[in-house]
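Below: one structure, written as structure tokens.
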There are 2 protein chains.
Amino acid sequence: MTKREQGVREATVADVARAAGVSKAQAARALGGYGAVSEQVLSVVVSAAEELGYRPNQLARSMTTGRSNSIGVVVGDIENAHFGLALRGISDEVREAGYTVVLVNTDEDLTAEVGAVQELLQQRVAGLIVAPCSSTEAAHLESAHDHNRTVVLFDRGVRGWALDTVRVDFAEAALQVGRLLLDAGHRRIGYISSLRVEEPYEQGTDLGLSPVADRVGGIERAFREAGAEWDRSLVKLNAASDDALAAACADLLDRPGPATAVVCSDSRIALGVLGQIKRRGLRVPQDISVVAYDDFPWTELVEPPLTVVSQPVYDMGREAARALLRRLGHRVPAEQLPLRAHLVERASVGPAAGSPAA
Amino acid sequence: MTKREQGVREATVADVARAAGVSKAQAARALGGYGAVSEQVLSVVVSAAEELGYRPNQLARSMTTGRSNSIGVVVGDIENAHFGLALRGISDEVREAGYTVVLVNTDEDLTAEVGAVQELLQQRVAGLIVAPCSSTEAAHLESAHDHNRTVVLFDRGVRGWALDTVRVDFAEAALQVGRLLLDAGHRRIGYISSLRVEEPYEQGTDLGLSPVADRVGGIERAFREAGAEWDRSLVKLNAASDDALAAACADLLDRPGPATAVVCSDSRIALGVLGQIKRRGLRVPQDISVVAYDDFPWTELVEPPLTVVSQPVYDMGREAARALLRRLGHRVPAEQLPLRAHLVERASVGPAAGSPAA
DNA sequence: TTGAAAGCGCTAACAG
DNA sequence: CTGTTAGCGCTTTCAA
């Protein structure tokens, strides 16, 4: 409070104890709200602390107790509204339990992710929420788990690991997307995602426990139902950067026999795809149909309004946080928030050019 | 690495030292990369550390050195793409210097902000980047500064405090916005912002060192140039929540003599306003003109494409981080990134209904 | 209810 | 170059 404390170090428990004329232990108990303290001592200590502008040193506290009050969150792309909103859910939930959030952005880069986990572990965070950029490479998460650090996975699961994973089941919605497009006569359906995969996608490629697997799988199922064959070369993965995304669009739109419909794996992809479509002077849905995952406000305001699959991103964030807190021994509401995705039909899907429905 | 370490505590410097057969100090030096260590000792220690799966305890390290490797970032609304992007800039920049980011979202609530700053200070972050929700109430920032904690302000400044502040100068762009609208015949120009202010806005209201002050000021100046008078009741502040935003829109659009143009202070506001306009069946720009601050991808994809004022948000984040790092004694590029806002004219501004220009 | 003393894991003098 | 010895600020036995 007072202005004079210039280069002065922060007041410590010892300072407060001295000022209050009690032992260090007793002052600590009063300040930390534990143990047994008489009314008298309490009030003296508290006012002494106020006087000195005492602020408990969390670092020291965490060190001695071994309990940290921060949790680590690792995401691939914080710019993406999906993660922004999820982060908000996480943040809201953990704060109620007294934790703060240490955030690391990885640019969907595995090396960066490994480093981030390492770093957070060194910072001794109480636990981790990770949206892994790969659902197959998970040695670093495994290692974290080995060292008894709680980790909760977000969006993508890791095969073979019994880690809590928060993700919505897209099987049903994805099937609906496939049917919607097929019913409209589309056969050349493109799919674009930023999921990192080594090999180009083909039938049988293991997409891991990612939502992308669900979503691509749904379309495959719809094709099977319709007795048609899906040209797997229309599935473009690894579109994490703007350049890669542009390349994927080019491949889909500029080839002979171009895609007549494109499914966008998230809103960032949708934004890019729409831009590319516009640049080419194509009209939606007359020339090309579009479906996007994630229902953010802007999707309803573009012309035409986008047909999307909505998912409760904020609640997913909260759930991830709750799962973590639960593991950490906190009491949190037992019932799980319903995490359902559903198709929202608007106006960006039309009959395929040249199809009987057209 | 090995699976057996179940409930085992993490290896410490002492463990490594013992395993390597050297003193604790020597092991610490080898592991910490400071002091003088012989090749021999180094390699023995390193391999012992590897063997034991040693991970330095940052908490302990920070405690003894007094240097923390995390910085605190306090924003009002992480969902807002503006902050998402800025956060990315901050994160990218500080990581290069070896810091992690502790993020707190405040919901544009002053009490929450005060608590957040307090909390971060207790966590002994090396410094703070704050996008203050009020540019007049700043006792908590003042106090942080008093306790020799470096704080850098983002977007909004605080009058009377010599704190580093990163913000772009909107004077010119705002004037252009005013002229653009006035030239198109608009006189009933609405302005909506989430800035927290006690009183309703009127001439002479102190908006502090906020961009809102610049932006409203620019419009005022344009009015003065044109020898016209601006109805201050068209300036709606405190539109932080969806409800408040809806109410502001209602007041602007449903009154007798409604606004013929609306300027949106950020992209979240723009999204809300566009939604309200659509709900009312109004057309842009025939019935109402719209200008928004922040040029995000979606603004170009709506119909009509939005006339916006763009600002280099990512670079602003980087600059904020650099300012902080500089204060913390790090070497960062001396030249400042140019932080300029500029008007991007697209198609959401048209002649005011009933104006000579119409 | 109180206090003295021992440590958490690390770094920082200070000698050798 | 190496080892010994103190702490950092807090919590936590253990006795009183």
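It should be emphasised that the depicted structure is a prediction, and the values quoted were computed from it without experimental measurement. Naming convention: chains lettered A, B, ... in sequence-line order (proteins, then strands); numbering from 1 in each chain.
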Grab the [atom1]-[atom2] distance between [X] and [N] for me, whole Å please.
| X | N | atom1 | atom2 | answer |
| --- | --- | --- | --- | --- |
| A:Glu39 | C:dT2 | CD | P | 11 Å |
| A:Met63 | C:dC10 | CE | C1' | 7 Å |
| A:Leu59 | D:dT11 | CG | P | 13 Å |
| A:Gln122 | C:dC10 | CD | C1' | 13 Å |
| B:Leu31 | C:dT11 | CG | P | 8 Å |
| B:Asn57 | D:dC8 | CG | P | 18 Å |

Legend entry - Pairwise side-chain contact, B:Leu153 with B:Leu141, heavy-atom cut-off 4.5 Å (strictly under):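 Yes; the side chains approach each other to less than 4.5 Å.
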Legend entry - Side-chain donor/acceptor contact of A:Arg29 with base of C:dG3 under 3.5 Å: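 Yes, a donor-acceptor pair under 3.5 Å.
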Inset, instruction - Please determine which of A:Glu108, A:Glu137, A:Glu113 meets the salt bridge (charged side-chain N to carboxylate O under 4.0 Å, His left out) test together with A:Arg156. - result: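 Result: among A:Glu108, A:Glu137, A:Glu113, A:Glu108 is the only option passing the salt bridge (charged side-chain N to carboxylate O under 4.0 Å, His left out) with A:Arg156.
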Examine [N]: is either OP1 or OP2 under 4.0 Å from a nitrogen or oxygen in the side chain of [X]? Give yes or no.
| X | N | value |
| --- | --- | --- |
| A:Arg67 | D:dT12 | yes |
| A:Tyr34 | D:dT11 | yes |
| B:Thr12 | C:dG9 | no |
| B:Arg61 | C:dT11 | yes |
| A:Ser38 | C:dT2 | yes |
| B:Gln26 | D:dG3 | no |

Legend entry - Residue whose closest nucleotide on DNA chain D lies nearer the 5' end, A:Ala60 versus B:Ala36: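 Its nearest nucleotide being more 5', the pick is B:Ala36.
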With the side chain of [X] defined as its heavy atoms from C-beta on, choose the nearest nucleotide among [options].
| X | options | result |
| --- | --- | --- |
| B:Val41 | C:dA12, C:dA4, D:dT2 | D:dT2 |
| B:Val37 | D:dT2, D:dC10, C:dC10 | D:dT2 |
| A:Lys24 | C:dC10, C:dA12, C:dA6 | C:dA6 |
| B:Thr64 | C:dA4, C:dT11, D:dT2 | C:dT11 |
| B:Val22 | D:dT11, D:dG3, C:dT2 | D:dG3 |

Inset, instruction - Could you check whether A:Arg124 gets within reach of a base, just the sugar-phosphate, or nothing at all, counting any heavy atom under 4.0 Å? - result: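 No contact.
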If I compare all heavy atoms of [X] with all of [Y], which pair ends up nearest, and what's the gap?
| X | Y | value |
| --- | --- | --- |
| B:Gly35 | B:Arg29 | CA-CD, 4.0 Å |
| B:Tyr99 | B:Ser70 | CD2-N, 3.8 Å |
| B:Gly317 | B:Ile90 | O-CG1, 3.4 Å |
| B:Ala86 | B:Val313 | N-CG1, 3.7 Å |

Legend entry - Earlier contact from the 5' end, DNA chain C, for A:Gly35 and B:Thr65: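 Checking each residue's closest nucleotide, the 5'-ward one belongs to A:Gly35.
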